[in-house]
Structures are given as structure tokens and as C-alpha cells.
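Here's the structure we're looking at; comments come further down.
Here the structure is a predicted model, which is why all the values come from computation and not from measurement.
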Amino acid sequence: MQTLTLIISLVLLPLLLVRLLRWLAWVQQKEYRPDRLWQFVLSEEGVQELLRLLPRKTDFTRTGLKRPAMTARAAMTGFLSLILIGYTLTAAYSFSWWWLSVLAYLFLPIFPAATAVLTELGKSILSTGLLFAAQRKVAATKPTIIGVTGSYGKTTTRHLVAHVLSQQFTVYTPPRSHNTPISIAWNLLRNYRQQEFLVLEYAAYKKGEIKRLARWFKPLVSIVTGVTEQHLALFGSIEKIIEAKGELVKATKLEGQVFYNGSDERVIQICRQDTSKKAVPYAGLSSVVKIDKAKLNDKGRLQFAWQGKTIVTHLSVLYSTKAMQAAIAVGQYFKVPDKKIAAGLSSFLPTDNYIQVYPHKNQGYLIINDGKTSNPQGFLGALELLGHFKKQGKNTVLLTSGIIDLGDQSDEIHLKLAKAAAEVADLVLYAGVDGRHIFKEIFGNNLTGNLETIKTVMEKLNEKDVILLEGNVPKWLNQELQRNYD
């Protein structure tokens with residue numbers, strides 16, 4: 001029996017390692033959070049991954065193997081998972097339980113999930129220590145803290161506000177999309193240098209997370225950008241998202257001010273949660289900032305008129321006008337001269353985390369890269385940009401994996417997105433699972449979900465085509481569409 005158990009274990013070992021790498025990647029993608037992992041397992045894509053027992057040929061190639069990015073936490077999770085698997089296989093051999101080796105393979109996702117919970121506990125302890133140290137460091141110089149929250153537009157608004165204020169003051173904001181307590185704290189400890197202003201992003205997957213962060217860094221001014229159906233599977237409802245975002249309004253100092261997107265009724269509901277705070281709309285009918293003639297120019301760049309002057313920006317979506325208005329409102333609140341505000345809006349350069357428009361390095365087709373994240377509002381904004389190029393005579397292709405974590409509203413939201421896509425996209429390449437059947441109903445034969453077919457289609461694209469990359473897609477596809485900076 002021991003010989004049989006050994007043979008089975010050895011046969012399963014390479015398959016087990018491939019399956020482990022895939023699940024380590026999923027655990028990392030869900031930020032090691034048990035709640036996000038559970039929602040993934042319940043989703044259509046998660047069920048398919050659980051039932052994906054046999055590896056494919058592509059799993060044994062460098063580009064086809066799904067694996068986690070190499071980080072300290074990924075290495076720790078993988079190491080602990082291997083220890084647990086090793087103990088299980090050793091027990092199977094010692095007791096001649098050949099079936100235990102098979103069970104270890106079938107239920108392998110339990111190992112990285114369990115170790116993720118262990119590392120999450122360690123992260124929580126570390127986070128508290130780092131937040132304490134960061135708060136002490138910041139309190140020593142007492143900068144003006146500005147907080148930004150919302151379901152979409154947070155990062156753009158935060159960086160734009162920081163850039164406009166930097167025309168007059170010293171300002172620090174964490175790079176990229178740092179918005180979790182541990183990433184914010186670690187970044188402040190390493191990089192904060194007693195600047196006069198500190199602009200932070202307050203994100204959440206559930207109620208209480210913004211409140212916790214705001215206890216450490218209480219803002220004088222808050223900005224609420226917008227609310228959409230993001231992470232509904234975790235929050236449970238739009239109403240709970242509104243309550244969660246309202247925690248920043250409640251945390252804002254009484255002598256301060258809340259700037260909000262008045263064109264979003266849900267944002268107005270957020271501000272109503274605490275009427276003791278002065279709330280000022282930076283967008284909408286009652287906006288304190290008036291801009292006109294917003295459009296995308298021939299190069300796909302956002303431009304608009306403010307105070308009689310045309311401002312041409314480096315951003316590429318119309319909905320970024322809201323972020324522009326927020327930056328203007330905050331700049332004027334802190335008495336930055338209008339001339340400097342205009343200069344800041346024009347000179348702001350988006351990083352790779354923003355939607356990018358550039359030609360493919362070899363084939364010359366145009367790429368609209370919105371692949372860092374995806375939410376319904378951002379998806380619609382990117383489709384609007386795709387429509388801009390369609391009007392110029394381009395053949396339009398949408399490459400997407402859909403949107404995850406939408407819970408019971410997944411079909412409804414994907415139907416809305418599919419109908420909007422039908423107005424501007426000639427062809428859809430669907431690399432995900434969630435929402436695919438909805439898009440298939442709308443696009444029919446003009447949609448393919450076969451990765452080999454997707455690859456063939458992309459190889460035939462040329463200068464007459466434009467492709468929108470929306471959301472997370474397989475690594476090899478993302479690498480194919482990366483910008484060439486050489």
C-alpha cells in the first residue's frame with residue numbers, strides 16, 4: 001500500500017504544483033482577504049476554477065501558467081502552503097492512505113486559503129504598528145490632511161488635487177493607488193518629508209474600514225467622487241456602500257469642508273449622513289466650479305473651457321472633468337491663484353495606473369489600456385473613448401474579462417455594459433467568465449471567448465483598428481498590450 005501511495009503522490013506532484021500556483025495567484029488577486037476569496041468561490045469563474053482539475057498544455061508554458069507576482073507575502077503564503085501539503089502527503093505515505101493524496105489534490109485550494117488567513121492576522125498586527133508609527137510622524141508636523149473617497153475616480157482626483165496644490169504649497173500623496181491602511185502607513189514612514197499638505201485615499205471593501213483609517217488620519221477637507229456598483233458581493237447593497245463612504249464625511253473635522261460630486265445622487269445621500277459638515281458641490285447643477293465645452297480633441301485628449309480660457313489636459317476620458325472640477329474647487333478653497341490652478345491642470349501627467357492611449361509597438365493599431373481595474377462607471381467612460389475613435393473611422397474591438405464581485409446584480413450590470421458596448425464595439429474578445437453569457441446574447445457571433453481565437457484576431461490588427469483593454473485579462477494578453485517605452 002505504501003508503494004501505491006508513493007506512486008500516486010509522485011504522479012500528482014507536478015499537477016499539484018501547477019494547481020497550487022494558480023490558486024496562489026487567485027489568493028493574491030483577491031488581496032488575501034477571506035471575504036473576497038469566498039465570493040470568488042461562489043462566482044461562476046470561481047466554480048470553474050474549482051472544477052479545473054486537469055492542467056492544460058498552456059499551464060506548462062511561461063506565458064500560459066497563471067502564477068502570483070513575487071512578493072514577500074506571496075512567498076510566505078506559498079511556503080506555508082507547501083509545508084501543509086508536505087505534511088499531508090507524508091501522513092498519506094506513513095499510514096498508507098493513498099486516498100489522502102488524492103483528496104489533497106482535489107481540495108488543494110484550502111491550503112493557500114488557510115495560510116492567507118494566517119498571514120492576514122499577521123498583517124493586521126503589523127498594520128496597527130505601522131499606523132501608530134506613521135500617525136506619530138505625521139502629527140509631529142501637523143500637515144493639512146485631505147481625504148478622498150468614492151467608488152470610482154479616487155486615484156485620479158487625489159493625484160490631480162495634489163498636483164494643483166503643489167503649484168503653491170509642498171504636498172505629499174502616496175504614489176500609484178496606495179489606499180489600504182498598511183500601504184499608506186508604510187509609504188508615509190518611508191517617504192513623507194514634512195510637507196504642508198497630505199492627500200490620502202480612503203478605500204473600503206466593507207463598513208468600518210474607512211472609519212478605522214480616518215481615526216489615524218483625520219481629514220480637514222474631504223472629497224467624495226461618486227458611487228457605483230463596485231464590490232457589491234462584499235458590501236451587499238448600494239445602501240451599505242453609501243454608509244461606508246459616509247464614514248469619511250463623519251470623520252471630517254467640523255471646521256473643515258466636504259467637496260462632493262453633485263451630479264451623483266448617491267453622493268448627495270452620503271453627504272446627508274452628517275449635516276453638521278459644510279458640504280459644497282464641485283460638479284452638478286449647483287457646482288461652485290463652472291466649466292464649458294468639455295470634449296476629446298483629435299488626439300483623444302480632454303479639453304475644456306474655464307474662466308474664458310481653453311485648458312488642454314493629458315487625460316483621455318470625458319468623466320475626468322469631474323476630477324478637474326474637484327481640483328479647481330479645492331485649489332480655490334486654499335487660495336491657490338487661478339493662473340497656477342490652470343497651469344496645474346494642463347501640466348498634470350497621468351501614470352501607468354491611468355487609462356492610456358498609445359499605438360502597438362509592432363502592428364500599429366491603437367490601444368486604449370484601461371486594464372488596471374474595472375468598475376461600471378469606468379467601463380462606460382472607456383467605452384465613450386472607444387466611441388470617439390469609432391467616429392474617426394476606426395474598427396473598434398473590446399477586450400475585456402468583465403467585472404467581478406458584483407454579487408446578485410452581476411447580470412443586470414453586465415447587460416447595461418453590453419448594451420453600451422454594442423453602440424461602439426464591432427467585436428468583443430471576452431477573456432473572463434463573469435458576464436460572458438450576457439455579452440454573448442447582445443453580440444452573438446461578434447464575440448469570442450476562445451483564447452486561441454483571441455490571439456489570432458489580435459495578430460491581424462493593424463493601423464485601421466483600435467482595441468480597448470478593460471479590466472484584468474490573462475498575463476500574456478496584458479504583456480502583448482503593454483506600452484513600449486523604448
Side-chain angles (χ1 to χ4, degrees), residues 20 23-42 46 68-84 109-139 145 147-151 154-155 158 173-192 198 200-219 230-236 240-241 243-248 250-251 373 404-405:
L20 176 62
W23 274 96
L24 285 172
W26 284 118
V27 167
Q28 185 182 63
Q29 190 172 318
K30 304 306 174 184
E31 299 178 339
Y32 304 93
R33 294 178 58 120
D35 50 359
R36 293 197 69 191
L37 276 171
W38 180 244
Q39 290 301 327
F40 171 68
V41 169
L42 295 179
M70 281 309 300
T71 64
R73 191 169 184 184
M76 177 61 70
T77 304
F79 177 70
L80 292 176
S81 297
L82 286 173
I83 289 178
L84 291 176
I110 293 175
F111 297 108
T115 54
V117 172
L118 292 175
T119 58
E120 187 66 21
L121 292 174
K123 175 190 170 184
S124 180
I125 297 171
L126 177 63
S127 176
T128 300
L130 291 176
L131 283 167
F132 177 78
Q135 194 273 339
R136 292 289 298 272
K137 180 179 181 180
V138 169
I145 299 177
V148 185
T149 194
S151 300
K154 295 187 297 295
T155 302
R158 171 167 63 89
T173 191
R176 298 186 178 274
S177 58
H178 292 289
N179 55 26
T180 62
I182 194 168
S183 65
I184 289 174
W186 179 243
N187 196 272
L188 290 174
L189 287 171
R190 294 182 63 192
N191 302 313
Y192 176 65
L198 184 58
L200 300 177
E201 190 173 322
Y202 295 69
Y205 287 113
K206 59 184 179 181
K207 290 174 60 178
E209 293 184 341
I210 291 176
K211 182 179 180 180
R212 179 191 176 217
L213 183 58
R215 284 199 193 104
W216 296 99
F217 306 105
K218 194 174 183 66
Q230 189 177 36
H231 306 306
L232 269 179
L234 298 177
F235 280 107
K240 289 183 179 179
I241 294 177
E243 289 180 30
K245 304 302 180 185
E247 291 171 0
L248 185 63
K250 294 176 182 178
T373 186
I404 60 174
D405 293 342

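Across all non-hydrogen atoms, the minimal contact from Ser151 to Ile241 is OG-CG2, 3.9 Å. Heavy atoms only, all atoms of each residue included: Gly150 and Lys245 are closest at O-NZ, 3.4 Å. Pairing each heavy atom of Thr77 with each of Leu24, the nearest pair is CG2-CD2, 3.7 Å. Of all heavy-atom pairs between Ala134 and Ala185, the closest is CB-O, 3.7 Å.
With Leu188 as the partner, the side-chain contact (heavy atoms from CB on, under 4.5 Å) test is satisfied by one option alone out of Leu198, Leu131, Leu130: Leu198.
With a 6.0 Å radius and a threshold of 12 heavy atoms from other residues, nucleotides or ligands, Trp186 has its CH2 atom at or below the threshold.
Contact annotation: the side chain of Arg158 approaches that of Pro174 to within less than 4.5 Å [non-hydrogen atoms, C-beta and beyond]. You'll find the side chain of Asn187 reaches within 4.5 Å of the side chain of Pro175, heavy atoms only. In this structure the side chain of Ile145 never reaches within 4.5 angstrom of the side chain of Lys218, judged on heavy atoms. At least one side-chain heavy atom of Leu213 sits less than 4.5 Å from a side-chain heavy atom of Phe217. By the 4.5 Å heavy-atom criterion applied to side chains, Tyr32 and Arg73 are counted as neighbours. Annotation: side chain of Leu200 is not in contact with side chain of Pro219 (no heavy-atom distance under 4.5 Å). Annotation: side chain of Ser81 is not in contact with side chain of Trp23 (no heavy-atom distance under 4.5 Å).
Put simply, the side chain of Lys137 gets close to the backbone of Tyr192: a donor and an acceptor are under 3.5 Å apart. A donor-acceptor pair under 3.5 Å is formed between the side chain of Thr149 and the backbone N or O of Tyr202. Looking at Glu247, its side chain does come within 3.5 Å of a backbone N or O of Lys211 through a donor-acceptor pair. Within the 3.5 Å criterion, the main-chain N or O of Lys207 finds no donor-acceptor partner in the side chain of Glu243. No donor-acceptor pair closer than 3.5 Å links the side chain of Lys30 to the backbone N or O of Leu37. No donor-acceptor distance shorter than 3.5 angstrom exists from the side chain of Ser127 to the backbone of Lys123, with no hydrogens or angles considered.
When the side chain to side chain contact (heavy atoms under 4.5 Å, CB included) test is applied to Leu82, the partners found at least two apart in sequence or on another chain are Leu17, Leu20.
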